[in-house]
Amino acid sequence: MTNKLIVRMSKNIFLKDKNYTITVNEDEQTHILNITRNKIEIDLNNEFNKIEISSKNNSKSFLIKNGNNSVKFLNVYSNLTYEFALGAFIGFAFIASIIILLLSLNSGVNLLLIFIIFLPLFFLKKENFEDGFVIEELTK
């Protein structure tokens with residue numbers, strides 16, 4: 001058995017646009033991590049290995065020290081995207097507006113409350129969502 005590094009990301013349909021490039025020891029090995037190939041096993045040869053994981057805008061590097069016949073795990077977690085937050089908020093507002101509409105038929109709730117639910121959409125800006133990720137090393 002050799003020293004191995006296993007890099008994983010979740011197989012989530014909301015992350016279908018996420019692609020990560022994994023570089024081991026500065027261009028010695030290059031791998032692509034995406035939703036269809038969400039688990040990569042890399043054989044490590046040195047005692048110290050420099051691992052660089054990069055997406056479109058961000059890049060993070062690690063220095064991994066290997067023991068004898070060890071297996072290291074890295075998990076890549078993507079940040080919340082603007083499109084997912086917008087879709088979730090519109091879905092929540094739509095369901096809440098239907099509930100308010102049904103309540104207005106029974107007990108006379110003011111229908112202007114529906115517009116108040118959609119008011120935070122004006123404050124949801126694309127600049128507030130960065131295209132980043134977090135890498136966590138799994139320890140035993």
Answer yes or no: is there a side-chain heavy-atom contact under 4.5 Å between Lys39 and Ile6? yes
Side chain to side chain contact (heavy atoms under 4.5 Å, CB included) between Phe48 and Leu63: does it pass, once the steps are laid out? CA-CA 7 Å; Phe48 291 101; Leu63 187 62; 4.2 Å; yes
Test item: Asn58 and Ile53 side chains (from C-beta on) under 4.5 Å apart, heavy atoms: no
I need the single residue from Leu44, Ile22, Asn49 that forms a side-chain contact (heavy atoms from CB on, under 4.5 Å) with Leu5. Which is it? Leu44
Contact between Ser54 and Lys60 at the side-chain level, heavy atoms closer than 4.5 Å - yes or no? no
Rounded to the nearest 0.5 Å, how far apart are CZ of Phe118 and CZ of Phe89? 8.0 Å
With salt bridge (charged side-chain N to carboxylate O under 4.0 Å, His left out) as the rule and sequence neighbours excluded, what pairs involving residues 80-100 come up? Glu83-Lys126
Might you point out which heavy atoms bring Thr21 and Ile32 nearest each other, and give the distance in Å? OG1-CD1, 3.8 Å
Atom pair CG (Asn75) and CZ (Arg8), whose distance is rounded to the nearest 0.5 Å: 4.5 Å
One pair to check against side chain to side chain contact (heavy atoms under 4.5 Å, CB included): Leu86 and Leu121. What are the steps and the verdict? CA-CA 8 Å; Leu86 183 66; Leu121 276 175; 3.7 Å; yes
Got a second to check how far Ser97's OG is from Phe92's CZ, nearest 0.5 Å? 10.0 Å
Residue list, ring pair (Phe, Tyr, Trp, His ring centres under 6.0 Å) with Tyr82, at least two apart or on another chain: Phe129
As an exercise, state the distance from CG of Leu74 to CG of Leu33, rounded to the nearest 0.5 Å. 10.5 Å
Go through it in stages, so that I can follow the logic: the residues are Ser78 and Tyr20, the test is side-chain hydrogen bond (donor to acceptor under 3.5 Å, both in side chains), and I'd like the CA-CA distance, side-chain angles, deciding distance and then a yes or no. CA-CA 10 Å; Ser78 297; Tyr20 300 101; 2.5 Å; yes
Whether the side chain of Asn19 engages the backbone of Asn34 through a donor-acceptor N/O pair (distance < 3.5 Å, no angle test) should be reported. no
CG-CD1 distance between Leu119 and Ile117, expressed to the nearest 0.5 angstrom: 11.0 Å
In this structure, CD1 of Ile95 is separated from CD1 of Ile90 (nearest 0.5 Å) by 12.5 Å
